[in-house]
Amino acid sequence: MTFQLYDTQTREARAFEPLNAPAVGIYVCGATVQGAPHLGHLRTAVAFDQLRRWLLYRGYRVTFIRNVTDIDDKILERSAAEGRPWWEHASHYDRQFNAAYDALGVLRPSYDPRATGHITEMIELIERLIERGIAYPALDGSGDVYFSAADFPEYGALTHQRLDDMAPAPDAPPAGKRDPRDFALWKAAKDGEPATASWPAPWGRGRPGWHIECSAMSTKYLGTTFDIHGGGLDLRFPHHENEQAQSRAAGDGFARYWVHAGLLNIGGEKMSKSLGNSVFAAEAIDEAGPLPLRYVLGAAHYRSVLDYDPEESLARAVPVIERLERFLRESRRVLDDELPAPVRAEEGFAGREVDVPEEFAAAMDNDLGVPAALSVLFSTLSEGQKLLDGRESPGQEFGALFRIAAQVQLMLEILGIDPTHPVFASDRTETPQAGVLERLVEELIAGRAAAREHKDFAAADDIRDLLARSGVELTDTPAGTRYTIKER
RNA sequence: GGUGGAGUGGCCGAGAGGCGAGGCAGCGGCCUGCAAAGCCGUAUACGUGGGUUCGAAUCCCAUCUCCACCUCCA
């Protein structure tokens with residue numbers, strides 16, 4: 001089966017056939033850096049990271065562009081309110097977004113272009129639209145430029161709406177518009193706005209409207225026709241509809257597949273900046289760690305609404321991650337570190353010694369059926385666990401375990417939740433303290449072993465309790481006692 | 001009003017006509033000095049009312065509730 005991908009525009013899953021296979025171009029709308037990243041932003045980032053990783057596994061060479069919109073009305077407003085230049089404001093939050101993406105192991109984009117770096121390209125595009133008679137300078141001489149929705153017959157195609165049913169676009173005073181539903185391509189500089197927030201243009205100084213930056217940047221880096229355009233579901237209209245209208249009206253083919261990630265709900269409502277119900281990335285990462293958070297955000301199907309429960313969601317994911325981690329750790333130990341070095345998505349999964357189980361591939365090929373894929377992951381892990389327990393393979397035949405452990409590791413890497421990945425490994429730097437701690441714990445474990453030898457279980461349990469109080473958890477196994485340091 | 005989506009067991013979350021995905025939690029068992037981990041077993045689940053069918057969570061009709069978008073949003 002070939003990879004089937006749901007396209008928002010055609011409303012069906014279609015076989016994914018890239019324009020120039022094995023090259024694949026993906027453009028994802030990143031953030032408008034007005035404020036701190038919340039879980040909704042991260043959910044979308046994780047969804048497209050999964051898509052990208054699966055395409056990489058399938059052998060495609062993916063060019064992944066994720067833009068940063070670093071100029072808009074709200075950035076100007078909020079930076080003024082916070083008392084610093086808009087560019088510092090934008091940059092500040094841009095860094096927070098990147099920090100959050102990095103923490104969750106979201107692969108870095110091939111390039112992350114900024115809107116303000118592409119003013120020239122936007123002006124060129126607007127000029128093309130004016131030449132074609134589909135955009136016009138504001139009638140009131142304000143210096144704005146608008147897109148004439150009624151002059152583009154396909155307007156509304158992406159979201160299947162009729163122009164007549166649409167409300168006016170309030171992004172500019174209606175005085176300069178031919179039709180209230182026209183939207184701004186270029187916004188003239190206004191009194192009181194910082195001089196740094198405007199650029200020269202044929203229509204006078206100003207700045208771009210929302211939407212035009214994505215038309216300009218996606219086609220610049222991926223070509224006038226490219227494979228996948230994505231973003232959160234809330235961007236479908238007006239943002240993506242308008243992008244498509246601008247680009248197609250200018251003669252570009254634009255996106256071939258539209259992919260939208262479902263929204264993250266909290267308390268039954270969408271998490272959003274404007275509703276003020278956001279759980280911010282930093283605090284969620286702090287609460288449970290980045291890996292459980294990534295697991296929570298990525299475990300549901302990417303198009304479904306994901307309900308986030310601040311009390312439960314992260315806590316529930318922690319034992320799952322611990323189970324994954326334990327299995328890999330134990331496998332590595334039993335296999336005497338013979339488990340092959342994990343292959344990484346960044347390297348296109350090159351050099352892998354195993355493939356993913358067929359059912360896993362089938363699940364992922366079905367419009368990224370991650371929940372079904374997780375089910376395969378867990379049953380594979382369970383098979384491996386039985387081998388570890390020596391139930392199925394009492395001898396020294398480790399081939400089967402080797403294969404399973406490698407598969408588990410590969411599936412985890414495809415989903416971006418490999419606990420052994422360096423981004424998720426906590427900083428276990430080799431400090432002198434670490435060595436002291438190790439010797440102390442081992443002394444205590446030896447003492448406890450001696451006590452158990454003499455059936456002095458009270459003394460043995462005292463030692464175990466002491467360590468537990470200090471955050472060291474002991475586990476007795478046939479091969480001896482191991483310890484884990486609990487993070488928090 | 002227009003356009004979509006969703007209601008599944010204690011919780012999360014798939015599936016889209018035919019052996020009750022999977023995870024978390026719980027319960028019973030095995031293992032263990034006791035635990036932990038692991039393994040095995042364990043569920044009156046499909047908003048409501050009708051209908052089609054040998055068979056419906058899945059199809060049809062009706063109905064209730066919720067969510068998103070309809071020009072700030074990932």
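What you see below is based on every heavy atom in this structure, not just the backbone, and it leaves out hydrogens, waters and symmetry mates. Residue numbers start from 1 in every chain, and the chains themselves are labelled A, B, ... in the order their sequence lines are given, proteins ahead of strands.
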Would you call Lys386(A) and Glu383(A) a salt bridge, taking side-chain N to carboxylate O under 4.0 Å as the test?
yes
Checking N1-N3 plus N6-O4 or O6-N4 for Watson-Crick, or N1-O2 and O6-N3 for wobble, each under 3.5 Å, the partner of C66(B) is G5(B)
Starting the side chain at C-beta, find the nucleotide from A36(B), A74(B), C72(B) nearest to Glu473(A).
A36(B)
Can you find a donor-acceptor pair, distance only, under 3.5 Å between Asp476(A) side chain and C34(B) base?
yes
Lys/Arg-Asp/Glu bridge criterion (N-O < 4.0 Å) met for Lys177(A), Asp171(A):
yes
State which of C39(B), G10(B), G13(B) makes the closest approach to the side chain of Asp389(A).
C39(B)
Does a side-chain N or O from Arg326(A) land closer than 4.0 Å to OP1 or OP2 of G38(B), or not?
yes
Counting distance alone, no hydrogens or angles: does the base of C72(B) have a donor or acceptor under 3.5 Å from a partner atom on the side chain of Ser274(A)?
yes
His240(A) ring center within less than 6.0 Å of His211(A) ring center:
no
Knowing that exactly one of Val408(A), Val356(A), Asp418(A) qualifies, which makes a side chain to side chain contact (heavy atoms under 4.5 Å, CB included) with Glu413(A)?
Asp418(A)
Under a 3.5 Å limit on both distances, the Watson-Crick or wobble mate of A25(B) is none
Does the G33(B) base have a donor-acceptor partner in the side chain of Arg448(A) within less than 3.5 Å?
yes
Tell me what Leu42(A) touches on the nucleic acid: a base, only sugar-phosphate, or nothing, going by heavy atoms under 4.0 Å.
nothing
Testing the basics here: between Gly298(A) and Val46(A), what is the closest heavy-atom pair and its distance to 0.1 Å?
CA-CG1, 3.8 Å
Counting distance alone, no hydrogens or angles: does the base of G2(B) have a donor or acceptor under 3.5 Å from a partner atom on the side chain of Asp164(A)?
no
Check the phosphate of G2(B) against Arg162(A), side-chain N and O only, distance under 4.0 Å to OP1 or OP2. Yes or no?
no
Name the closest nucleotide to the Pro319(A) side chain, picking from A25(B), C72(B), A74(B).
A25(B)
Kindly point out which of C70(B), U71(B), A74(B) is positioned nearest to the side chain of Cys29(A)?
A74(B)
Any side-chain N or O of Ser304(A) less than 4.0 Å from the OP1 or OP2 oxygen of G13(B)?
no
For the pair made of CZ in Arg303(A) and P in G13(B), what is the distance, rounded to whole Å?
16 Å
Can you check whether Lys270(A) has a side-chain N or O nearer than 4.0 Å to OP1 or OP2 of A74(B)?
no
Of all the choices, G23(B), C72(B), C24(B), which nucleotide is nearest to the side chain of Pro170(A) once you look at every atom?
C72(B)
Considering only the P atoms, how many Å lie between A21(B) and C54(B), rounded to the nearest integer?
25 Å
Glu311(A) atom CD is separated from C24(B) atom C1', nearest whole Å, by 16 Å
Would the base of U71(B) count as contacting Tyr155(A) through its side chain, where contact means a donor and an acceptor less than 3.5 Å apart?
yes
Could you check whether the side chain of Arg464(A) and the base of A35(B) have a donor-acceptor pair of N or O atoms closer than 3.5 Å, going by distance alone?
yes
Please determine, for the side chain of Phe457(A), which listed nucleotide (C70(B), C40(B), G33(B)) has the closest atom?
G33(B)
Presence of donor-acceptor pair under 3.5 Å, side chain of Thr44(A) and base of A74(B):
yes
Using OP1 and OP2 only, check whether a side-chain N or O of Lys386(A) sits under 4.0 Å from G38(B).
no
Mind checking who G38(B) pairs with, Watson-Crick or G-U wobble, both distances under 3.5 Å?
C30(B)
Under 4.0 Å from OP1 or OP2 of A74(B): is there any side-chain N or O of Ser272(A) that close?
no
Do the numbers put Arg66(A) on top of the ring of Tyr101(A), so that NZ or CZ is under 6.0 Å from the six-membered ring centre and no more than 45° off the axis?
yes
Closest of G4(B), A21(B), C40(B) to the Arg11(A) side chain is G4(B)
Spatial distance of atom OH (Tyr302(A)) from atom CD (Gln50(A)) [nearest 0.5 Å]
10.5 Å
Distance below 4.0 Å between Arg452(A) side-chain N/O and C34(B) OP1 or OP2:
no
Among the candidates A14(B), C34(B), G2(B), find the nucleotide nearest to the side-chain atoms of Asp461(A).
C34(B)
